[in-house]
Amino acid sequence: MEKRIRVMIADDNQAMIDGIEAYLSDKADMELIAVANDGEQAVKLAAQYKPDIMLLDVIMPRMDGFAVLKALGESRIQPAARVIMLTGLRRDDFIERAMRLGASYYMVKPVDMDILFNRIREIYALTSAPAPSAEKEEVCVNIDEQITNLFLTIGIPAHIRGYQYLREAVKMVIDDHDVIGRITKELYPSIARRFDVTASKVERAMRHAIEVAWNRGRLESVNRMYGYSLFSPNDKPTNGEFIALIADKLATSKQV
C-alpha cells in the first residue's frame, strides 16, 4: 500500500475544519493527523506529528499564520511540512510575505475543495522525490528562492496556476537550455504530465501569468534589480522568450 499523505489543519474556523475533514475522509491517499485552532498549538502539533502538508490559516489567535511559518522555519523540524496558506484576504503583500517565509502555495477562501486537494497532491509529489546530493540540493534551494523572489517582484501571483508552471519551466531550461527549442513538443507536455493537465492548459496558464505581470507594471523594479532593461513594458515576451530570459539570468548568476 502506498504511503498516505499526512495532512494537518491549522485554522480557528470550525466550519472550515469540518468541511475539509469531511472531504478528506473520502480520499484514500490522504489522512488527517492533527487539527490546531490557534498558532501556538499549530507549532507544537507540527513538531509532534511532522505532517507532510499543513493547511494554515493566516488570521488565528495567539500566533498568526506568518508567525507560525517563521517559527516552523526557525525550529528546523525534519521532515519539514509543506504549507498551503488559506485566507480570506486577497492581498499581494500577504502572498509575497507567505512565500518568503516558506509557504509552498497560497489559496484564497472560499476554496474549491477539488482544487485544494489537487494542490496537496501536486506539492507532495514535487517534494517527495528522492533527495539529491547536498551540493545539488543547495543549488536547487538557491534557484527556487531566486525564481520565487523574481516572480513576486515582477508581479506574478503565487496562487495562479501559471506561476507553478513557469517555475518548473525555468528550472527545466536551466538544467537543459536546448529544451526551450522544444517548448511545444517537450516542455509543455512534460509539465502537463507532472500536474496532470493538458499541454494546452499549461501554455494558456503561462501566458495568463505573464499578462498579469505586465498589467501590474512592476517592470522598472525588476530592471533596477538587474541594472539594465531586462523587460520592456511595450514588448511583452512570448512564453518561450520569458522563460529563456529568466533561465539565462539565473543560470548566469549560479555560475558566478
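Just so you know, these numbers come straight off a predicted model, no measurement behind them. No hydrogens, no waters, no symmetry mates; every other heavy atom, side chains included, goes into these values. Residue indices begin at 1 and follow the sequence shown.
The two residues A46 and L72 have their closest heavy-atom pair at CB-CD2, 3.7 Å. The shortest non-hydrogen separation linking A247 to V173 is CB-CG1, 3.6 Å. Residue F66 comes nearest to L101 through the heavy atom pair O-CD1, 3.6 Å, listed as atom of the first residue, atom of the second, then distance. Across all non-hydrogen atoms, the minimal contact from A28 to R4 is O-NE, 3.3 Å. Listed here is the closest heavy atom pair of V179 and L187: CG1-CD1, 4.0 Å. Between T184 and P189, the shortest heavy-atom distance links the atoms O-CD, 3.2 Å.
Using a 4.5 Å heavy-atom threshold, the side chains of Y106 and L86 count as separate. Residues I33 and V7 are not in side-chain contact: their nearest non-hydrogen atoms beyond the backbone lie 4.5 Å or more apart. Contact annotation: the side chain of M107 never approaches that of M85 to less than 4.5 Å [non-hydrogen atoms, C-beta and beyond]. The closest side-chain heavy-atom distance from Q164 to F195 is below 4.5 Å. N239 places a side-chain heavy atom less than 4.5 Å from the side chain of E203. Side-chain contact between I120 and L55 is present, with heavy atoms from C-beta onward closer than 4.5 Å. No side-chain heavy atom of R204 sits less than 4.5 Å from a side-chain heavy atom of Y165. Counting only heavy atoms from C-beta outward, the side chains of H177 and D248 approach each other to under 4.5 Å.
Here the CD atom belonging to E241 is positioned 3.5 Å from the OG1 atom belonging to T238, to the nearest 0.5 angstrom. Taking CD from E186 and CD1 from I180, the interatomic distance works out to 11.0 Å, rounded to the nearest 0.5 Å. Rounding to the nearest 0.5 Å places OH of Y105 at 13.0 Å from CD1 of I53. Taken from CG in L69 to CE in M54, the straight-line distance is 8.5 Å, to the nearest 0.5 Å. Taken from CG in N118 to CG in D112, the straight-line distance is 8.5 Å, to the nearest 0.5 Å. How far OH of Y163 is from CD1 of I156: 8.5 Å, rounded to the nearest 0.5 Å.
No donor-acceptor pair under 3.5 Å is formed between the side chain of R6 and the backbone N or O of L32. A donor-acceptor contact shorter than 3.5 Å is absent between the side chain of R193 and the backbone of A199. The backbone N or O of A71 sits nowhere less than 3.5 Å from a side-chain atom of E74 that would complete a donor-acceptor pair. The backbone N or O of M60 sits nowhere less than 3.5 Å from a side-chain atom of D57 that would complete a donor-acceptor pair.
Contacts classified as salt bridge (charged side-chain N to carboxylate O under 4.0 Å, His left out) and involving residues 20-37 (residues at least two apart or in different chains) are given here: D29-R121.
Screening E168, M206, M172, K171 against I243 for a side-chain contact (heavy atoms from CB on, under 4.5 Å) leaves a single residue, M206.
Summarising the local packing, CG of D18 is surrounded by more than 12 heavy atoms from other residues, nucleotides or ligands at distances under 6.0 Å. Atom NZ of K185 is surrounded by 12 or fewer heavy atoms from other residues, nucleotides or ligands within 6.0 Å.
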Return a table of donor-acceptor pairs under 3.5 angstrom between the side chains of residues 35-44 and protein atoms on other chains or two or more places apart.
unit_1 : atom_1 : unit_2 : atom_2 : d
N37    : ND2    : D11    : O      : 3.4
D38    : OD1    : E40    : N      : 3.1
D38    : OD1    : Q41    : N      : 2.8
Q41    : OE1    : N37    : N      : 2.9

